[in-house]
Structure formats: structure tokens, C-alpha cells
Amino acid sequence: MEEDLIVKKLSIIVPIYNTERFLCDCIDSCLCQDFEEDEFEILCINDGSPDNSEKLLREKYSDKKCVKIINKENGGVSSARNVGIKLSEGKYLAFIDSDDYYEPHFLKKAIDILEKENASSLQFEYNVVKESSRFELGEQYHTWDNMEYSSGHIRSNNIVWTCIYKAELIKNSAIMFDEKMKYAEDTYFEYLFFCEAYKANKKRIVMDCAVYNYRQVSTSATNIKNKDSKIKHLRDMMILTEHYREDINRYDNSYLKEHTICRYCLSMQAYLWDLSMNANYSEIKKEIKNLKERGLYPYPIKFFSRKTKSTKRMLINYLTFLYPIKIYYLLWCRMIGILRKLQNKRSK
């Protein structure tokens, strides 16, 4: 068979920006997944990284035909992932951040399960590892034989790097990441995939094994908590909320319509919670007026009794479900403002 006629089983999309010191861990872990070189590809999307990431890739992996380097101007992780989707040749897609790494010898077995079950996607768990953690391929490793898994109607996940996706469903439905968003871009991508898979009656495989290692890097966007990052987070939460509101009438299916309404309400709750924690009372009153003029507030009152072992999360559920009542929300913000002032006095 000619090489260009070989259908690749998997495309691993790796957005790269300023992760030179972790990059080899990431790529090495992708290479240790038991595929033949012509069965998969690792798409290294260099998102205008100013460090030596590209040089490192060319020096270390030039003999690996499955490692492909694509250079582009800096546009953010969503832009890089979208380039990867467009250029991918694999039957399935996986996303990994370039400072993270997989456990070895897993992805090939995961693809075999996806093929056997004819599922739309496969979801797995992840470990949180220290910044100093390293990928190691020792003599002792997990073989992942006889893995237990469940399947059924797809459930939403919100983290794209804990899933393997059927590429056909993504490309036929033109599902892409919103390049305007720096935060929560995974959430909306997963929602769109969820809806398309549900319409197609495609199931998701769910595994409880942790095979992805998420590295906590102090300089990463998700760990920087300055005022500018908080403003950007609020902005992106509002973009997400507006997406959901626009999508309420997108689907004729009653379940998907209700699911979208619930996501809209949850997104508004999260936005208003963050607003109360990061803005002063006059700014909040002005924003509530703005939301009302745009038809975003008030929104339907819904209590979400989500299963959680976290007492804090359960308390937040109870505190936020009455946010659509303006007098309640403004009183809440008043209280938060008073508590913030008391805390500032104590810290002086």
C-alpha cells in the first residue's frame, strides 16, 4: 500500500508556546504509545514561540517522521489547536498541552477500544503533578491490559485534553475553538461536540484510569491571578454565556435545548459570582444594568443539585441559585464588599 493511502489512526495536536524546558517530556510521552510511525502523527504547532522550542524539536526529533512541526504567528492556544484540526490526518484526535505528558503505552489500547465500540470519544482521568515532575520510561510500567470502562450516551467533560475524539464528527460539524477566548475555550468546544454526538446517537467511553499528567506551572495562564487575568476571565465567561444564549434555539431536540438553557444559567451564575468577588458595588450595579439592557439578566432560576463531595461547592450551589433575583444578588454583593473591607483592615 502506498504511504499516502495509509489512514492514520491518531493525530495528537500539541500547541507550543514558551515550554522549551518541558517539551521533550511531552513529545517523548506521545512517542511511547505503541503505534507504528506511519499509524499516527504528532502535530507540533509552534504558536510563534520566542524560545528555542522549534530548534529543540528539529534537533531531537528530525528522524521521527511522525513528528511534524508547523510554524504560525502567535494567536493563542485556540488558534493553534484549530490549525492542528485542519491539518490533521488521523481518524481520531487528541489534544495535549506542551508542558504536560501522557503515561506510556495507553493511547494505542484506547484507540482499539474506540474502534471496537464505534464510539464518538473516549474520556479518561488525569493526575496533577509538580512543576519538577518528569516523564520516565522505566522497566516497570503499567500495561493497561484488561482495562475496565463504561459506555453510554455522551456526557460533557469540559477539558479537551482528557478525551480522544472521532475526527469525522468534529470536521463534518465544523467544530472549532473560539479564538477570541483565552479561558473556557475547552468548555464551549466540548459542548458543541456533546451536542453533535448526542444528535448522532454516538456514545462516549469513560475510563477511570489517570493517564494524563497535568503539570502545575507557576507561570501558566491558569495560575496567574493578577487583575488583568481576572478581567480577561470575566470577559471570556461572558463570551461563553452569550454563546449558550444564542444556541438555545439552535437545536430542535428538547433535551439539547434544556441542556443549553442549563449551561446558560450555570455560566451566568459563574460570571456573577466572579463579578461579585472582583468588582466594587457601583461597578456591579452598572454591569447588572448593562446585562439587563442586553437581555441577559434576569435569567431563569434553576437549582443544580450536582453531585459533589466538596462542601464548598455545595454551599456555592445554594448561594448562587437565587442570583437572578436582583435584590438578592445586590445584597449578596453588599455583603461581599463589607467582608472584603474587613479583611483589608485586618491585613494592614
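- Trp332 approaches Ser276 most closely through the heavy-atom pair NE1-OG, 3.2 Å.
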Please evaluate residues Arg134 and Asp25 with respect to the criterion salt bridge (Lys or Arg N to Asp or Glu O under 4.0 Å), reporting the C-alpha separation (whole Å), side-chain torsions for both, the decisive distance (0.1 Å), and the verdict. CA-CA 7 Å; Arg134 310 299 298 180; Asp25 279 350; 3.4 Å; yes
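- Contacts of Lys72 classified as salt bridge (Lys or Arg N to Asp or Glu O under 4.0 Å), with partners at least two apart in sequence or in another chain: Asp47.
- Legend: salt bridge (charged side-chain N to carboxylate O under 4.0 Å, His left out) pairs involving residues 159-179, not counting sequence neighbours, sorted by first then second residue: Asp178-Lys180.
- Looking at residues two or more places apart in sequence or on another chain, you find no salt bridge (Lys or Arg N to Asp or Glu O under 4.0 Å) involving Arg340.
- When the ring-ring contact (aromatic ring centres under 6.0 Å, His included) test is applied to Tyr92, no partner is found at least two apart in sequence or on another chain.
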What's the verdict on ring-ring contact (aromatic ring centres under 6.0 Å, His included) for Phe106 and Phe124, showing C-alpha distance, side-chain angles and the deciding distance? CA-CA 11 Å; Phe106 171 77; Phe124 43 80; 5.6 Å; yes
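- Every residue two or more places apart in sequence or in another chain was checked for a salt bridge (Lys or Arg N to Asp or Glu O under 4.0 Å) with Asp34, and none qualifies.
- No continuous path of ILVMFWY side-chain contacts below 4.5 Å connects Val77 to Ile85, so the two sit in separate hydrophobic clusters.
- Residue Asp38 comes nearest to Lys8 through the heavy atom pair O-NZ, 3.7 Å, listed as atom of the first residue, atom of the second, then distance.
- Taking hydrophobic clusters as Ile, Leu, Val, Met, Phe, Trp and Tyr residues chained together by side-chain heavy-atom distances below 4.5 Å, Ile336 shares a cluster with Tyr297.
- Salt bridge present: Lys108 and Asp112 bring a charged side-chain N and a carboxylate O closer than 4.0 Å.
- Placement of Met268 and Ile231 in two distinct hydrophobic clusters is found when ILVMFWY residues are connected by side-chain heavy-atom separations under 4.5 Å, directly or transitively.
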Full working for ring-ring contact (aromatic ring centres under 6.0 Å, His included) between His243 and Tyr191: CA-CA 10 Å; His243 278 326; Tyr191 158 77; 9.2 Å; no
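- Pairing each heavy atom of Asn158 with each of Thr187, the nearest pair is OD1-CG2, 3.6 Å.
- Each of Glu37, Glu36, Glu39 was evaluated against Lys9; a single residue qualifies, Glu39, per the salt bridge (charged side-chain N to carboxylate O under 4.0 Å, His left out) test.
- Contact annotation: the side chain of Ile175 approaches that of Glu196 to within less than 4.5 Å [non-hydrogen atoms, C-beta and beyond].
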Stepwise salt bridge (Lys or Arg N to Asp or Glu O under 4.0 Å) check, Arg81 with Asp186: CA-CA 11 Å; Arg81 286 172 176 166; Asp186 287 30; 2.8 Å; yes
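- Contact annotation: the side chain of Cys163 approaches that of Glu190 to within less than 4.5 Å [non-hydrogen atoms, C-beta and beyond].
- When side chains are defined from C-beta on, Pro298 does not count as touching Ile325, because their heavy atoms never get closer than 4.5 Å.
- Summarising the local packing, OH of Tyr251 is surrounded by more than 12 heavy atoms from other residues, nucleotides or ligands at distances under 6.0 Å.
- When the side-chain contact (heavy atoms from CB on, under 4.5 Å) test is applied to Leu87, the partners found at least two apart in sequence or on another chain are Ile70, Val83.
- In this structure, Cys44 and Tyr61 have side chains that are not in contact, with every pair of non-hydrogen atoms separated by 4.5 Å or more.
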Validation: residues 288-295 side-chain donor-acceptor distances under 3.5 Å, sequence neighbours left out:
residue : atom : partner : partner atom : Å
Asn290  : ND2  : Glu287  : OE1          : 3.3
Arg294  : NH2  : Glu242  : OE2          : 2.1

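- Ile327 CD1: 12 or fewer foreign heavy atoms inside a 6.0 Å radius.
- In terms of the ring-ring contact (aromatic ring centres under 6.0 Å, His included) criterion, residue partners of Phe189 (sequence neighbours excluded) are, by chain and number, Phe95, Tyr165, Phe177.
- Nearest heavy-atom pair, Arg204 versus Gln123, reported as atom, atom and distance to 0.1 Å: NH1-OE1, 3.4 Å.
- With a 6.0 Å radius and a threshold of 12 heavy atoms from other residues, nucleotides or ligands, Asp228 has its CG atom above the threshold.
- A continuous path of hydrophobic side-chain contacts links Met314 to Ile301 [ILVMFWY only; heavy atoms under 4.5 Å].
- Residues Asn249 and Lys257 bring a donor and an acceptor atom of their side chains to less than 3.5 Å of each other.
- Side-chain contact between Lys230 and Met277 is absent, with no heavy atoms from C-beta onward closer than 4.5 Å.
- Scored by the side-chain contact (heavy atoms from CB on, under 4.5 Å) test, Ala279 finds Leu275, Glu283, Ile284 as partners (sequence neighbours excluded).
- Remark: the Asn74 side chain and the Tyr17 side chain contain no N/O donor-acceptor pair separated by less than 3.5 Å.
- Residues satisfying the side-chain contact (heavy atoms from CB on, under 4.5 Å) criterion with Glu59, sequence neighbours excluded, are Lys55.
- In this structure the side chain of Arg21 reaches within 4.5 angstrom of the side chain of Val217, judged on heavy atoms.
- Across all non-hydrogen atoms, the minimal contact from Ile13 to Ile45 is CG2-CG1, 4.4 Å.
- A continuous path of hydrophobic side-chain contacts links Val67 to Leu107 [ILVMFWY only; heavy atoms under 4.5 Å].
- A donor-acceptor pair under 3.5 Å is absent between the side-chain atoms of Ser267 and the main chain of Tyr264, judged by distance alone.
- With a 6.0 Å cutoff to the six-membered ring centre and a 45° limit on the axis angle, Arg215 does not count as a cation-pi contact of Tyr101.
- Ser11 pairs by the side-chain hydrogen bond (donor to acceptor under 3.5 Å, both in side chains) definition with Glu41, not counting sequence neighbours.
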For the pair Asp236 and Lys232, evaluate salt bridge (Lys or Arg N to Asp or Glu O under 4.0 Å) and give the outcome as yes or no after the intermediate values. CA-CA 6 Å; Asp236 286 355; Lys232 288 178 180 177; over 6 Å; no
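- In this structure the side chain of Lys285 reaches within 4.5 angstrom of the side chain of Leu330, judged on heavy atoms.
- A pairwise comparison of heavy atoms in Thr19 and Asp51 identifies N-OD2, 3.3 Å as the closest pair.
- Side-chain contact between Tyr102 and Cys26 is absent, with no heavy-atom pair separated by less than 4.5 Å.
- Listed by chain and residue number, Ile261, Tyr299, Pro300, Lys302, Phe304 satisfy the side-chain contact (heavy atoms from CB on, under 4.5 Å) test with Cys265 (two or more places apart in sequence, or in another chain).
- One finds a salt bridge joining Asp28 and Lys60 here, because a Lys/Arg side-chain nitrogen approaches an Asp/Glu carboxylate oxygen to under 4.0 Å.
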